[in-house]
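Structure first, then comments.
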Amino acid sequence: MIEDLQKYYGYLFEEALLEEIADVAIAKEFKANEVIIDIGSYITSIPLLLNGAIKILREDKEGDDLVLYYIEKGDTCAMTLSCCMGQTKSKIKAIAETDVKLLMIPKQKMSEWLSKYKSWQEFILHSYHSRLQEFIDAIDTIAFLNMDQRLLKYLKDKALVNQNETISVTHQQIANDLHTSRVVVSRLLKALEKKDKIELNRNQIKVLEL
DNA sequence: ACATTAAGTGATT
DNA sequence: AATCACTTAATGT
């Protein structure tokens, strides 16, 4: 575990902090598509991603999902941070996009380190900043972009977090993530294929422009 | 060969 | 952009 820490966070944190993390953190692993955090659950520790990617979704009362953004290695979850501080229930759902390895930090430690380690404080602030930025992007995408642009962005994001230009999904799954219908997805994908942006196969989409 | 699941398409709202 | 109804294609048993 300490090796992984060195590898992904060694350049960010000083030795003493790395040791403390190694001391209190609980290593966890999730398989792709496992639910990591569900809506309404209380958060008592915050995650540090070691590898893999997590998708963050919002869910309506009918159980329909909408993908907001992805978290990758070296990231933490700002939503979780704010939940920890405010003692509130999670407003979002987190699902493992790929197989994921992460460390859970008890929240007491997380606030203790804020005053103890400059690097930790910077990490948390920076994380807040970039998450907020992504949040604005996500709103822009949903509010101002046409569905076809949204779809293309979704495909690109997915290809990026999976580190593979070929992604394995059905049109139905995409429709669920974007909160639209399968027929619409099929049509837009067809259109994108005609523009040579992607290649289509059953259960597979290859993104040509990354 | 048959059933099931994924994808494509025209028409309608 | 959503929904319906239907077709076609790919895949599993």
Side-chain angles (χ1 to χ4, degrees), chain A residues 28-41 49 51-73 75 77-80 82-83 89-102 130-210:
Chain A
K28 286 209 171 171
E29 288 186 37
F30 293 92
K31 292 261 158 50
N33 293 318
E34 269 191 88
V35 176
I36 298 173
I37 297 169
D38 212 339
I39 291 180
S41 58
L49 259 204
N51 57 45
I54 298 175
K55 73 175 165 188
I56 303 300
L57 345 121
R58 196 89 235 263
E59 193 180 58
D60 68 17
K61 40 216 166 302
E62 276 92 51
D64 289 328
D65 292 333
L66 176 63
V67 171
L68 293 178
Y69 53 79
Y70 292 95
I71 299 178
E72 290 172 273
K73 64 170 178 292
D75 285 334
C77 177
M79 190 65 223
T80 311
S82 92
C83 283
K89 291 179 191 172
S90 176
K91 299 275 199 307
I92 49 91
K93 191 172 176 181
I95 294 181
E97 171 73 18
T98 62
D99 288 0
V100 162
K101 258 200 225 170
L102 48 77
S130 58
R131 243 1 85 181
L132 193 56
Q133 199 60 50
E134 276 225 49
F135 220 84
I136 301 293
D137 282 352
I139 291 174
D140 278 355
T141 308
I142 294 162
F144 305 127
L145 256 49
N146 300 323
M147 195 40 112
D148 61 338
Q149 291 172 289
R150 254 180 89 190
L151 179 59
L152 193 56
K153 182 183 188 315
Y154 169 86
L155 294 173
K156 285 180 179 175
D157 283 351
K158 202 170 174 82
L160 276 179
V161 297
N162 284 295
Q163 302 182 318
N164 190 342
E165 70 266 20
T166 327
I167 43 195
S168 304
V169 273
T170 66
H171 297 182
Q172 186 60 63
Q173 288 172 297
I174 299 173
N176 292 341
D177 282 353
L178 296 182
H179 210 216
T180 179
S181 69
R182 194 228 93 213
V183 197
V184 170
V185 171
S186 289
R187 289 209 165 104
L188 293 174
L189 284 172
K190 258 281 139 200
L192 286 173
E193 189 184 33
K194 282 215 183 76
K195 288 186 205 156
D196 293 318
K197 305 254 188 208
I198 55 173
E199 267 174 34
L200 293 176
N201 279 299
R202 190 187 168 94
N203 283 319
Q204 271 195 349
I205 298 167
K206 186 173 180 187
V207 182
L208 299 174
E209 293 174 17
L210 279 179

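Note that the structure is a prediction, hence the values are computed from the model and not measured.
- In this structure, A:Ser181 reaches the bases: a heavy-atom distance under 4.0 Å links it to at least one base atom across the strands shown.
- Minimum interatomic distance between A:Val185 and A:His171 (heavy atoms only, all atoms of both residues): CG1-O, 3.8 Å.
- Here the C1' atom of nucleotide B:dA7 and the CD atom of A:Gln204 are 14 Å apart, to the nearest Å.
- If you check B:dG10, B:dG8, C:dA2 against the side chain of A:Val183, the one that comes closest is B:dG10.
- The CE atom of A:Met147 sits 11 Å away from the P atom of C:dT3 (whole-angstrom rounding).
- The local environment of NZ in A:Lys156 is crowded, with over 12 non-hydrogen atoms from other residues, nucleotides or ligands closer than 6.0 Å.
- Phosphate proximity of C:dA1 to A:His179: absent, as no side-chain N or O sits under 4.0 Å from OP1 or OP2.
- C:dA1 atom C1' lies 15 Å from atom CD of A:Gln149, rounded to whole Å.
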Below 3.5 Å is the cut-off: list the nitrogen or oxygen pairs between protein and nucleotides 11-13 of chain C, distance only.
none

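- We find that CG of A:Leu200 is positioned 6 Å from P of B:dG8, with the value rounded to whole Å.
- As a whole-Å value, the separation of A:Lys190 NZ from C:dA1 C1' is 20 Å.
- Between A:Leu49 and A:Gly52, the shortest heavy-atom distance links the atoms CD1-O, 3.8 Å.
- Closest to the side chain of A:Leu188, from the set C:dA1, B:dG8, C:dA2, is C:dA1.
- No more than 12 heavy atoms of other residues, nucleotides or ligands sit less than 6.0 Å from atom NZ of A:Lys73.
- Residue A:Thr180 places its side chain closer to C:dA2 than to any other of C:dA2, B:dG8, B:dA7.
- In this structure, A:Arg187 atom CZ and B:dG8 atom C1' are separated by 8 Å, rounded to whole Å.
- When distances run from any side-chain atom of A:Arg182 to the nucleotides C:dA1, B:dG8, B:dA11, the shortest one goes to B:dG8.
- With sequence neighbours left out, the side-chain hydrogen bond (donor to acceptor under 3.5 Å, both in side chains) criterion links A:Glu97 to A:Lys158, A:Asn162.
- Atom CD in A:Gln172 sits about 13 Å away from atom P in B:dT5, given to the nearest Å.
- The two residues A:Val161 and A:Ala53 make their nearest non-hydrogen contact at CB-CB, 3.7 Å.
- Under the 3.5 Å distance criterion, the side-chain polar atoms of A:Ser186 are matched with a main-chain donor or acceptor of A:Arg182.
- At whole-Å resolution of the value, CD in A:Glu193 and P in B:dG8 are 7 Å apart.
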